[in-house]
Amino acid sequence: MPDMTLEIVTAERVVYSEEIDFLVAPGSDGELGVLPRHAPLLTTLDPGEIRVTVGGEETYMFVSGGFLEVLGNRVTILANAAEQADEIDEERAEIALQRAQERIVSAPADMDLERALASMRRSAARLGVARRRRRARRGDQPPQ
Ligand code: ATP
């Protein structure tokens, strides 16, 4: 029986707000699992994948980094950007990844390496979430 609430919030919108059973998030010090009755916690997140389990079903989302707070049975994630898997524009993420990679390889004099690397991590993580969703869909409907 779910008895933990997860809210994923950006400056623009509430991306996700549900009762959940289990959560795995990309903590800056490594992958972080949160079960109900977890001790209070405040930590930073890296860009990556959020995995949520509700009633035995797994859902994947993208988070650009940010903060994760556990307080009571409420988990709050505050991020610059976050998307549910079916909100991710795969083509846009591919273009962003290519742009960042080309910038890093060509290394123009004005390149901000940290920024290019961060963009590359975000788009690679978005693609990971979007492709996982596609694979799961294919698995749901095997070819006849
Ligand atoms: P881009 O270079 O394509 O803008 P970005 O990594 O710089 O990518 P962010 O700064 O992380 O983009 O996000 C800006 C806004 O655009 C956020 O609202 C985010 O949710 C949205 N966004 C970015 N990329 C995608 C994508 N591939 N699919 C859906 N929404 C996206």
Side-chain angles (χ1 to χ4, degrees), residues 2-36 38 40-143:
D3 59 357
M4 177 167 67
T5 306
L6 171 64
E7 282 232 326
I8 303 177
V9 182
T10 69
E12 287 161 3
R13 66 189 179 116
V14 176
V15 175
Y16 185 90
S17 177
E18 299 287 341
E19 299 271 297
I20 66 162
D21 296 318
F22 181 52
L23 158 78
V24 179
S28 302
D29 297 325
E31 209 169 67
L32 176 75
V34 183
L35 281 163
H38 193 287
L41 171 75
L42 178 60
T43 189
T44 53
L45 297 177
D46 280 348
E49 190 175 272
I50 293 179
R51 173 158 57 93
V52 171
T53 309
V54 184
E57 289 233 345
E58 289 185 335
T59 305
Y60 291 83
M61 286 171 275
F62 162 80
V63 67
S64 67
F67 298 93
L68 179 150
E69 180 193 58
V70 184
L71 202 55
N73 271 338
R74 174 176 287 272
V75 182
T76 309
I77 292 176
L78 292 176
N80 273 329
E83 294 112 40
Q84 298 200 27
D86 59 6
E87 294 172 329
I88 295 172
D89 178 339
E90 213 173 319
E91 199 183 331
R92 176 172 167 183
E94 263 162 18
I95 292 168
L97 178 61
Q98 213 171 346
R99 194 171 50 228
Q101 284 172 334
E102 280 167 5
R103 209 161 162 71
I104 291 164
V105 170
S106 67
D110 65 346
M111 180 178 63
D112 180 338
L113 180 62
E114 277 307 310
R115 194 172 152 193
L117 286 171
S119 170
M120 200 173 80
R121 283 188 208 109
R122 281 196 304 276
S123 37
R126 280 186 172 111
L127 286 174
V129 173
R131 286 173 181 160
R132 188 192 282 283
R133 174 202 56 192
R134 258 202 293 134
R135 282 198 303 273
R137 280 201 181 145
R138 276 205 304 269
D140 285 347
Q141 295 168 334

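Each ligand, and each atom within it, is numbered from 1 in the order the structure gives.
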Return yes or no for this condition: an N or O of D89 is under 3.5 Å from an N or O of ligand 1. yes
How far is atom 29 (C) of ligand 1 from its nearest protein heavy atom, and which residue and atom name does that atom have? E87 O, 3.3 Å
Residue I88 vicinity, atoms of ligand 1 by number, heavy atom under 4.0 Å: 28 (N), 29 (C)
CG/N80: more than 12 non-hydrogen atoms of other groups inside 6.0 Å: no
So between Q84, R99, R115, whose heavy atom ends up nearest atom 1 (P) of ligand 1? R99
Identity and distance of the protein heavy atom lying nearest atom 17 (C) of ligand 1: A81 CB, 3.9 Å
If we only count N/O pairs under 3.5 Å, is R122 in contact with ligand 1? yes
Give me the residue, atom name and distance of the protein heavy atom closest to atom 20 (O) of ligand 1. E83 OE2, 2.5 Å
Given that the side chain starts at C-beta and the backbone is N, CA, C, O, which of these parts of S64 lies under 4.0 Å from ligand 1, counting heavy atoms, or is it both or neither? neither
Would you say S28's side chain and T44's backbone share a donor-acceptor pair under 3.5 angstrom? yes
How does E12 reach ligand 1, by side chain, by backbone, by both or by neither, if only non-hydrogen atoms under 4.0 Å count? side chain
Starting at CD1 of I77, measure out to CZ of F67 and round the result to the nearest 0.5 Å. 12.5 Å
If you have a sec, work out which protein heavy atom is nearest atom 3 (O) of ligand 1 and how many Å separate them, to one decimal? R92 NE, 3.0 Å
Taking E102 for the side chain and R99 for the main chain, is one N or O donor matched with an acceptor at less than 3.5 Å? no
For atom 11 (O) of ligand 1, what's the nearest protein heavy atom and its distance? R126 NH2, 3.0 Å
Ignoring hydrogens and geometry, is there a side-chain-to-backbone donor-acceptor pair from D46 to P26 under 3.5 Å? no
Residue of the set M4, E7, H38 for which side-chain contact (heavy atoms from CB on, under 4.5 Å) holds with V75: M4
Give a yes or no on this: more than 12 heavy atoms of other residues, nucleotides or ligands lie within 6.0 Å of atom CG of D29. no
So, the side chain of S119 versus the backbone of R115: is there a donor-acceptor pair under 3.5 Å, distance only? no
